[in-house]
Amino acid sequence: MATAKAHTNIALVKYWGKKDQQLIIPQTNSLSLTLDEFYTTTRVNFDPGLTADQVTINHKLLSPAAARRTSAFLELVRQRSGRQQFARVDSINHVPTAAGLASSASAFAALAGAASAAAGLSLDRRELSRLARRGSGSATRSIFGGLVEWHRGHDDSTSFAEPIMEKLDFGLEMLAIMINTKKKKVTSRQGMQASVTTSPYYASWREVVAADMQAMKDAINRRDIPAIGHIAEENALRMHALTLSADPGYTYFSSATLTAIQAVRALRENGVGCYFTMDAGPNVKVIYDRQDRDQVISGLTQTFDRDQLVVSPAGPGIQIWNENNNQSLL
Ligand code: DP6
């Protein structure tokens, strides 16, 4: 039995498209910030008494259909470790599921950590990152804390994440505007594939990301939060342009998403250095220097309720432990 805790991450340069859907090899590199406030804790126990995998999320037992993606992932761990038993998986999500707050990132990172340790595999963080990738692309980056780069690579062994700065030594912070925590209609998996195959802009996106990765790393080196925010904002808008330009076109934005974008821009026009980014859901994340936090919050509460705003500093990488003796397994 093993337990793991992994935090979500929000991409500042987005992953939006796969080269290999089976192995989840992305089309481009990407770069993210791991968040302290949103995480998943997962316990895995391989049990000879079980006749199927049993998965609970927030204490609710999943149907076999809903547990399929978890079971497929456990199958990889069984193959690799030679274990035959089914597993009991108990997961607590401190992230609103499927609202574009990257719950699959923390979920599959935690599952990779707990399942591999429970199966007796002792993987290092790079190997864990590769394993987590097989569950969900963004989970690749959630093995590490702080600012993280996912190298797209070209096969299973070369596609993994690496920390750029695990413990931030400057004030980069994020605030999530919780607009809607309902499940989304188009999953990121479906959405990105539609963009790769039908958006006429996809080739340009690959070039945009290559340039943004370089500019973002330079900005991080300079601890230049306005540049980081600006690049992240443009990168997010261009990712969302791929959804609008797919056939059929679609969007993750709701009217409240546009309201939030306008609120951030208005604050910026008033001299508060803040920037936005959005993922495969309507929620908006705001990027700023923590010394400006109070100004950002007081500006946004003109439009949103205070309890819709969740502040999160950078968070740590995965932790894995044995609950029986509290011993760390990583
Ligand atoms: C918009 O990692 O959820 O959050 O690999 O199909 O599971 P799959 O997709 P997923 O996609 C995340 C997309 C994104 C951008 C990002 O996190 O880089």
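No experiment lies behind these values; they were computed from the predicted model shown. In each ligand, atom 1 is the first atom listed, and ligand 1 is the first ligand listed. Every heavy atom of this structure was used, including side-chain atoms; hydrogens, water molecules and symmetry mates were not.
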Query raised in the report: Taking atom CG of N283 and atom CE of M278, what is their separation to the nearest 0.5 Å?
Result: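 So the gap between those two atoms works out to 11.0 Å.
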Query - Separation of L74 CG from Q85 CD (nearest 0.5 Å) - result: 12.0 Å
Which ligand 1 atoms are under 4.0 Å away from a heavy-atom of [X]?
X: S104; answer: 3 (O)
X: K18; answer: 5 (O), 6 (O), 8 (P)
X: R189; answer: 5 (O), 6 (O), 7 (O), 8 (P)
X: W16; answer: 1 (C), 13 (C)
X: G137; answer: 2 (O), 5 (O), 7 (O), 8 (P)
X: M192; answer: 9 (O), 11 (O)
X: S138; answer: 2 (O), 3 (O), 10 (P), 17 (O)
X: S188; answer: 3 (O), 9 (O), 10 (P), 11 (O)

Query raised in the report: Do the side chains of S142 and H7 get nearer than 4.5 Å, heavy atoms only?
Result: no
Would you list the atom pairs, donor with acceptor, under 3.5 Å between side chains in residues 213-222 and any protein atom, with sequence neighbours excluded?
from	atom 1	to	atom 2	distance (Å)
Q214	NE2	D218	OD1	3.1
K217	NZ	E149	OE1	3.0
K217	NZ	E149	OE2	3.3
R222	NE	D224	OD2	3.3
R222	NH2	D224	OD2	3.0

Report task. Show the numbers, then the answer: is there a salt bridge (charged side-chain N to carboxylate O under 4.0 Å, His left out) between R125 and E162? Result -> CA-CA 9 Å; R125 296 204 300 170; E162 239 173 7; over 6 Å; no
Query - ring-ring contact (aromatic ring centres under 6.0 Å, His included) partners of residues 226-247, not counting sequence neighbours, each pair once - result: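 Listed once each, the pairs are H240-F253.
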Requested in this report: Could you please spell out the steps behind the salt bridge (charged side-chain N to carboxylate O under 4.0 Å, His left out) verdict for R43 and D90?
Outcome: CA-CA 5 Å; R43 185 175 59 205; D90 297 299; 3.5 Å; yes
Query raised in the report: So, does T301 use its side chain to make a donor-acceptor pair with the main chain of S298 at under 3.5 Å?
Result: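 Confirmed, T301 side chain pairs with S298 backbone.
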Requested in this report: Return a yes/no value for N9: is any of its N or O atoms, backbone included, closer than 3.5 angstrom to an N or O of ligand 1?
Outcome: no
Report task. Please state whether S30 comes within less than 4.0 angstrom of ligand 1, counting heavy atoms only. Result -> no
Requested in this report: Pick, from K14, R69, R141, Q190, the option with the minimum heavy-atom distance to atom 16 (C) of ligand 1.
Outcome: R141
Query raised in the report: Where's the contact between S136 and ligand 1, heavy-atom distance under 4.0 Å: side chain, backbone, both or neither?
Result: both
